[in-house]
Amino acid sequence: MEAEAFGEHARYREQAGPATLFRGKYLSIASYRRDGTGGATPVGFVQEGGSLLVERGRDSGKGKRIRRNPVVRVAPCTARGRLRAQPVTARAEVLPATQTSRVEALLAHKYRLDLVVIKPLRSAQTALHLGRPRGESVILRITPG
């Protein structure tokens with residue numbers, strides 16, 4: 001089921017253990033649907049202590065699946081989702097809304113150059129109503145182990 005959860009991302013470019021899990025800019029998170037199949041998504045993250053903090057939409061499929069089943073598989077990856085290490089099992093939890101602005105600031109600091117390109121594109125997408133409108137965000141704390 002683990003390789004299935006990552007689908008086409010199952011080819012690993014590098015082998016790394018939990019000690020190097022937190023390096024890089026992107027993290028692949030695989031959460032599990034009710035039928036047991038997984039879906040992997042590359043996301044930006046910040047590290048805080050032994051946990052990873054990720055921002056997702058409250059109504060996103062990933063957020064809904066994690067509220068139902070907190071077990072996830074994580075691995076460092078490229079922006080397009082290509083895994084750079086072996087995935088490891090982790091637990092995810094939704095943090096209180098009071099943490100959102102603090103974590104958004106940490107993410108903005110880490111990805112400040114990326115936001116110069118991405119933020120205007122998201123604004124244009126929202127203005128043109130392409131895709132689903134972006135709703136309220138939640139912060140996920142992911143703890144490997």
Side-chain angles (χ1 to χ4, degrees), residues 1-122 125-126 130-145:
M1 179 188 329
E2 293 168 4
E4 184 180 311
F6 286 94
E8 66 186 54
H9 306 295
R11 294 190 179 113
Y12 310 119
R13 287 190 359 178
E14 300 173 21
Q15 295 298 318
T20 60
L21 179 67
F22 308 129
R23 292 186 185 168
K25 292 176 74 171
Y26 299 99
L27 181 73
S28 177
I29 302 173
S31 58
Y32 298 97
R33 297 177 183 93
R34 287 188 177 134
D35 66 3
T37 60
T41 305
V43 296
F45 71 97
V46 291
Q47 181 178 345
E48 187 173 68
S51 298
L52 306 169
L53 302 174
V54 174
E55 180 181 19
R56 300 301 301 157
R58 178 174 299 284
D59 297 328
S60 71
K62 182 118 356 244
K64 290 176 184 177
R65 288 190 299 268
I66 286 173
R67 280 198 250 345
R68 189 176 55 255
N69 179 5
V71 177
V72 295
R73 301 276 296 163
V74 295
C77 69
T78 64
R80 297 185 69 140
R82 184 174 177 158
L83 298 184
R84 304 184 98 183
Q86 191 81 19
V88 297
T89 301
R91 285 192 76 71
E93 65 177 308
V94 177
L95 294 181
T98 57
Q99 299 291 315
T100 303
S101 61
R102 178 183 69 82
V103 175
E104 283 176 341
L106 292 172
L107 287 164
H109 178 71
K110 181 176 180 179
Y111 296 94
R112 62 186 171 270
L113 294 177
D114 295 339
L115 290 176
V116 170
V117 175
I118 294 170
K119 198 168 189 173
L121 291 174
R122 280 194 180 160
Q125 181 183 22
T126 302
L130 300 174
R132 289 184 281 178
R134 187 174 165 109
E136 192 176 328
S137 294
V138 295
I139 302 300
L140 303 175
R141 176 187 297 146
I142 301 169
T143 308

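It should be emphasised that the depicted structure is a prediction, and the values quoted were computed from it without experimental measurement.
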Looking at residues at least two apart in the chain, or sitting in another chain, which of them share a side-chain hydrogen bond (donor to acceptor under 3.5 Å, both in side chains) with Thr100?
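With neighbours one apart ignored, the set is empty.
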Holding to salt bridge (charged side-chain N to carboxylate O under 4.0 Å, His left out), I want the full list of residues that pass it with Lys25, two or more places apart in sequence or in another chain.
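If we apply the salt bridge (charged side-chain N to carboxylate O under 4.0 Å, His left out) test to Lys25, skipping adjacent residues, the hits are Asp114.
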Report the residues that fulfil salt bridge (charged side-chain N to carboxylate O under 4.0 Å, His left out) with Arg65, sequence neighbours left out, ordered by chain and then residue number.
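Scan of Arg65 (salt bridge (charged side-chain N to carboxylate O under 4.0 Å, His left out), adjacent residues dropped) gives none.
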Could you tell me which non-hydrogen atom of Arg73 sits nearest to which non-hydrogen atom of Pro87, and how far apart they are?
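Looking at all heavy atoms of both residues, the closest pair is NH2-O, 2.9 Å.
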Residue pair Ser51 / Thr143: nearest heavy atoms and the distance that separates them:
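Looks like OG-OG1, 3.2 Å.
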For the [atom1] atom of [X] and the [atom2] atom of [Y], what is their distance to the nearest 0.5 Å?
X: Glu48; Y: Arg102; atom1: CD; atom2: CZ; value: 4.0 Å
X: Tyr32; Y: Arg68; atom1: OH; atom2: CZ; value: 13.5 Å
X: Leu52; Y: Leu27; atom1: CG; atom2: CG; value: 5.5 Å
X: Glu55; Y: Leu106; atom1: CD; atom2: CG; value: 11.0 Å
X: Ser28; Y: Arg82; atom1: OG; atom2: CZ; value: 13.0 Å
X: Leu95; Y: Leu140; atom1: CG; atom2: CG; value: 7.5 Å

[Y] side chain reached by [X] side chain, heavy atoms, under 4.5 Å:
X: Val88; Y: Val74; answer: yes
X: Ile139; Y: Val54; answer: no
X: Ile29; Y: Thr41; answer: no
X: Arg67; Y: Val94; answer: yes

Salt bridge (Lys or Arg N to Asp or Glu O under 4.0 Å) pairs, two or more places apart, involving residues 34-44:
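Sorted pair list comes back empty.
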Would a distance-only check, ignoring hydrogens and angles, find a side-chain to backbone donor-acceptor pair under 3.5 Å from Gln99 to Ser101?
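It does not hold such a pair.
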Who pairs with Arg91 by side-chain contact (heavy atoms from CB on, under 4.5 Å), at least two apart in sequence or on another chain?
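Expected list: Pro70, Val71.
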Residue from Cys77, Pro42, Pro76 passing side chain to side chain contact (heavy atoms under 4.5 Å, CB included) with Leu83
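So the option named by the test is Cys77.
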